[in-house]
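First the structure, in the form of structure tokens, and then the observations on it.
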Amino acid sequence: MGQHRRRTPRRRRFLAPTLVTTALSVLTVAAVVVGTHSLTPRATAVASPATSAAVALPVPGTPSVPAAVPVTGTEPSVSSEPSESSAPDPATESAAPPPAPTPAAAATPTPAPAPAPAAPAPADGPLGTTATAPATAEAATVGALFTGAVRPGNHFCTASVLHSTTGNLLLTAAHCIEDPSGVTFAPGYRDGKAPYGTWRVTGVHTTTGWSHGGDQDEDFAVLETAADDSGRRVEDVVGGNTLGTDEPFGTTVRLYGYPAGGEQPLLCTNTTGRQSAYQRVVDCPNYPGGTSGGPWISTATGHVVGAIGGYQQGGDTDDTSYSAYFDHTIAALYAEAAAAAAS
């Protein structure tokens, strides 16, 4: 994955996988099952952001699952490690992305429903190969993060739209961004153009395990965005990916990312493995700096089950990528971010 770039020059290095979380990770999150991997969320926001109308969230149905998102898989376990399953047959587990939305369709915003699970279908190409991502509906939910003007060579990380009732949340890696000031998200960005528009990032939500100790097992962040100049929320225009938690390690995923030296998104499909108790790993060649934060979208469910980051902040080689495992910790962080966005 090769030294995935962060917005600030400081970069944490990890010489070996951490099999237990840091001492700070014993702090529990309200409405989360208590375990060895649950932390208090921490948010950073821009002063007086312009926001769209608040949308009330439903009351969570259980203490361990945020009602704002259809979280998949089993209920979060109180055991210290997530369950593992054997890898599926790659020939039957991959799915082709749905058709792409058009900029013209984006002109009339309508609230996006929860994305339907992707139907199993043959892969577009061999597993473990990397190419330019085709312009599909799924690819339109993925974009580049910019500081300043949206122009070639000015993007520093990758993010993707998370489905929510507020319609304004993004997923990225925690090591990508600490301060939202001046950060812009351009979904579907290609060759210097933002075909669906741009959205200003107004808030950053991370866990205290990350913000206080750089816990690689919690290298994920949920971002808030303001409505654009036309009053549209980002999910109204391009849709969003449902958060998936506690899904098997042996999951076939589509891996997206914007390389720092390129102006089009990369796509690779392959089956993930278990690098450690709370880390996924996947072999996809030629994912250099800038791809950090790119989503791992399950071909079986269509849910986002990872983001490039975690161990070695995503990997110290271009050909192997990592992600922190998504369980009740990110579910609680998502719930906290959704509640903040609705207030």
Side-chain angles (χ1 to χ4, degrees), residues 29-32 41 43-46 49-62 64-73 101 106 109-117 137-138 140-143 145 158-174 177 180 183 185 187-188 196-197 199-207 220-228 231-245 247 293 295-298 301-307 326-343:
V29 180
V32 180
T44 304
V46 173
T51 58
S52 56
V55 180
L57 294 178
V59 177
T62 67
S64 58
V65 180
V69 63
V71 178
T72 61
T110 55
E138 185 175 87
T141 67
V142 184
L145 292 173
T158 303
S160 59
V161 183
L162 271 179
H163 172 66
S164 67
T165 58
T166 57
N168 68 337
L169 299 184
L170 309 178
L171 171 70
T172 191
I177 180 171
V183 177
F185 174 67
Y196 306 106
W199 281 263
R200 182 168 58 91
V201 176
T202 57
V204 179
H205 297 264
T206 59
T207 66
F220 39 71
V222 179
L223 311 181
E224 292 182 58
T225 60
D228 68 6
R232 302 177 304 173
R233 304 173 301 178
V234 64
E235 190 175 345
D236 294 338
V237 178
V238 298
N241 303 305
T242 301
L243 180 66
T245 64
E247 297 200 0
W296 302 32
I297 300 176
S298 169
T301 65
H303 301 152
V304 57
V305 299
F326 283 10
D327 61 6
H328 58 273
T329 304
I330 194 172
L333 181 67
Y334 169 89
E336 187 261 0
S343 64

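Just so you know, residue 1 is the first one in the sequence shown, and it goes up from there.
- Pairing each heavy atom of Val161 with each of Gly239, the nearest pair is CG1-O, 3.3 Å.
- Side-chain contact check for Pro180 versus Leu223: every heavy-atom pair is 4.5 Å or farther apart.
- Looking at every heavy atom in both residues, Ala341 comes nearest to Glu224 through CA-OE1, 3.4 Å.
- The two atoms that bring Ala307 and Gly293 nearest to each other are CB-O, 3.9 Å, heavy atoms only.
- One N or O on the side chain of Glu235 and one on the backbone of Ser164 form a donor-acceptor pair closer than 3.5 Å.
- Listed by chain and residue number, nothing satisfies the ring-ring contact (aromatic ring centres under 6.0 Å, His included) test with Phe185 (two or more places apart in sequence, or in another chain).
- The OG1 atom of Thr158 lies 12.0 Å from the CG atom of Leu170; values are rounded to the nearest 0.5 Å.
- Between Leu171 and Phe326, some side-chain heavy-atom pair lies under the 4.5 Å cut-off.
- Between Ala338 and Thr166 the shortest heavy-atom distance is O-CG2, 3.9 Å.
- Listed for the Asn168 side chain is a donor-acceptor partner under 3.5 Å among the backbone atoms of Thr225.
- By the side-chain hydrogen bond (donor to acceptor under 3.5 Å, both in side chains) test, Thr141 pairs with Asn241, sequence neighbours left out.
- For the side-chain contact (heavy atoms from CB on, under 4.5 Å) criterion with Val222, the lone passing option out of Thr172, Leu243, Leu333 is Leu333.
- Proximity of Phe220 to Thr207: side-chain heavy atoms (C-beta onward) are separated by under 4.5 Å at one or more points.
- In this structure, NE2 in His163 is found 10.0 Å from CG in Leu169, a value given to the nearest 0.5 Å.
- Rounding to the nearest 0.5 Å gives a distance of 11.0 Å between NE2 of His303 and CD1 of Ile297.
- Shortest non-hydrogen contact noted between Arg233 and Thr165 is NH1-O, 3.5 Å.
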